[in-house]
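In this chain, residues are counted from 1 in sequence order.
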Amino acid sequence: MYAFLCHCYVVCSCTTPVDASSGAHSTTFNFKNNCPDPVWPASLANSDKGALSQTGFQLDSGASFSLDAPPAWGGRLWARQRCSTDSSGRFSCLSGDCGTGQVACNGAGGAPPTTLVEFTLQGDGGKDFYDVSCVDGFNVPVSVVPSGGSNCDSTSCRTNINARCPAELQMVAPDGSVVGEQKAYNTLAV
């Protein structure tokens with residue numbers, strides 16, 4: 001089980017056996033929003049894996065939600081923020097938007113900047129692998145806290161980088177607030 005926290009923080013909760021005779025495992029992602037505002041967690045499965053049962057949902061401040069992953073799932077999770085629905089019913093987010101016009105991402109990835117949590121469940125040697133990545137920029141601090149397994153360590157990006165982001169890397173909302181830090185090689189002239 002993985003907890004996925006938003007600090008602000010989105011927390012994710014190691015793999016627990018379902019059937020010891022078959023060696024099958026089940027993983028549950030527990031999301032907790034410690035941010036002062038709602039976030040909309042989203043998921044994208046690797047191309048050779050099936051989608052999670054929900055590919056996007058709203059998580060209010062202080063709220064938690066659990067989502068089961070199929071055995072050997074691999075993919076990414078991220079938090080979208082500053083989301084709304086316009087008068088035509090189109091849903092969009094200022095950071096992490098997947099461009100579907102809906103809360104569900106349905107196989108679409110999040111637009112940078114977004115802090116990613118990447119998973120490979122039951123990978124090499126049957127082990128789970130996970131990391132927090134800023135390869136697509138940064139929008140919210142995130143941590144992964146494994147539970148129910150052995151030899152599993154937490155990983156995180158707990159610092160709100162937006163507060164120290166150089167102006168040339170800032171993604172700014174219409175109200176002037178910083179909603180994310182873009183990847184340096186996307187925004188700086190070389």
Side-chain angles (χ1 to χ4, degrees), residues 2-12 29 31-35 37-52 54-59 65 67 69 73-84 90-121 123 128-145 154-174 177-190:
Y2 293 92
F4 180 67
L5 259 71
C6 186
H7 282 15
C8 113
Y9 234 77
V10 184
V11 154
C12 260
F29 295 119
F31 299 83
K32 174 135 179 52
N33 180 4
N34 291 329
C35 299
D37 299 307
V39 294
W40 286 259
S43 66
L44 175 63
N46 292 344
S47 61
D48 61 338
K49 305 296 179 192
L52 296 178
Q54 292 197 32
T55 60
F57 54 93
Q58 181 174 338
L59 194 59
F65 182 77
L67 190 58
W73 186 80
R76 52 179 48 185
L77 306 169
W78 67 97
R80 298 170 289 173
Q81 64 180 151
R82 310 270 302 265
C83 301
S84 61
R90 182 167 179 76
F91 176 83
S92 64
C93 304
L94 292 181
S95 71
D97 190 58
C98 55
T100 63
Q102 306 169 2
V103 173
C105 287
N106 298 323
T114 184
T115 313
L116 299 175
V117 179
E118 301 169 312
F119 282 94
T120 299
L121 303 177
D128 292 348
F129 297 90
Y130 49 90
D131 65 77
V132 174
S133 172
C134 292
V135 69
D136 281 353
F138 173 90
N139 65 341
V140 296
V142 176
S143 69
V144 177
V145 182
S154 299
T155 187
S156 66
C157 181
R158 290 179 177 257
T159 302
N160 186 354
I161 297 170
N162 293 336
R164 298 183 207 151
C165 181
E168 64 270 13
L169 296 178
Q170 292 176 354
M171 180 174 190
V172 180
S177 63
V178 178
V179 295
E181 180 171 318
Q182 301 178 53
K183 300 185 293 188
Y185 62 85
N186 275 353
T187 57
L188 295 178
V190 179

- Message: Let me confirm one number: the CE-CZ distance from M171 to F138, rounded to the nearest 0.5 Å.
- Response: 14.0 Å

- Message: Between T55 (side chain only) and C105 (backbone N and O only), is there a donor and an acceptor less than 3.5 Å apart?
- Response: yes

- V179/N139 under side chain to side chain contact (heavy atoms under 4.5 Å, CB included): CA gap, chis, key distance, verdict: CA-CA 6 Å; V179 295; N139 65 341; over 6 Å; no

- Query: Can you check side chain to side chain contact (heavy atoms under 4.5 Å, CB included) on S177 and R82, steps first, answer last?
  - Reply: CA-CA 11 Å; S177 63; R82 310 270 302 265; 2.7 Å; yes

- Query: Parallel, tilted or perpendicular: which describes the rings of F29 and W73, with under 30° parallel and over 60° perpendicular?
  - Reply: perpendicular

- Query: V117 versus D131: any side-chain heavy-atom pair under 4.5 Å?
  - Reply: no

- Straight-line distance of S95 OG to Q182 CD, nearest 0.5 Å: 11.0 Å

- Message: Could you go through L67 and Q54, starting from their C-alpha distance and side-chain angles, then the distance that decides it, and tell me whether this counts as side chain to side chain contact (heavy atoms under 4.5 Å, CB included)?
- Response: CA-CA 8 Å; L67 190 58; Q54 292 197 32; 4.1 Å; yes

- Run the side chain to side chain contact (heavy atoms under 4.5 Å, CB included) check on L77 and L52 step by step: do they pass? CA-CA 10 Å; L77 306 169; L52 296 178; 4.0 Å; yes

- Atom of T114, atom of A79 and distance for their closest heavy-atom approach: OG1-O, 3.9 Å

- Can you name the nearest heavy-atom pair linking C98 to A104, along with the distance? SG-O, 4.2 Å

- Task: State the CD-CG distance between E118 and N46, to the nearest 0.5 angstrom.
- Result: 9.0 Å

- Query: How close do P113 and G137 get, heavy atom to heavy atom, and via which atoms?
  - Reply: CB-CA, 4.1 Å

- Do we see a donor-acceptor contact under 3.5 Å between the side chains of R76 and S133? no

- Message: If I take atom CD from residue Q58 and atom CG from residue N33, how far apart are they, to the nearest 0.5 angstrom?
- Response: 9.5 Å

- Message: Please confirm whether the ring centroid of F31 lies under 6.0 Å from the ring centroid of F57.
- Response: yes

- Note on the structure: Value for CZ (R80) from OG (S92), rounded to nearest 0.5 Å, stands at 10.5 Å

- Task: Taking the side chain as every heavy atom from C-beta outward, state whether T100 and F91 have any atom pair closer than 4.5 Å.
- Result: no

- Message: What's the separation between atom CG in D37 and atom SG in C83, rounded to the nearest 0.5 Å?
- Response: 11.0 Å

- Task: State which residue, out of D136, V140, L116, fulfils the side-chain contact (heavy atoms from CB on, under 4.5 Å) condition with W78.
- Result: L116

- Item | P141 side chain reached by N34 side chain, heavy atoms, under 4.5 Å | no

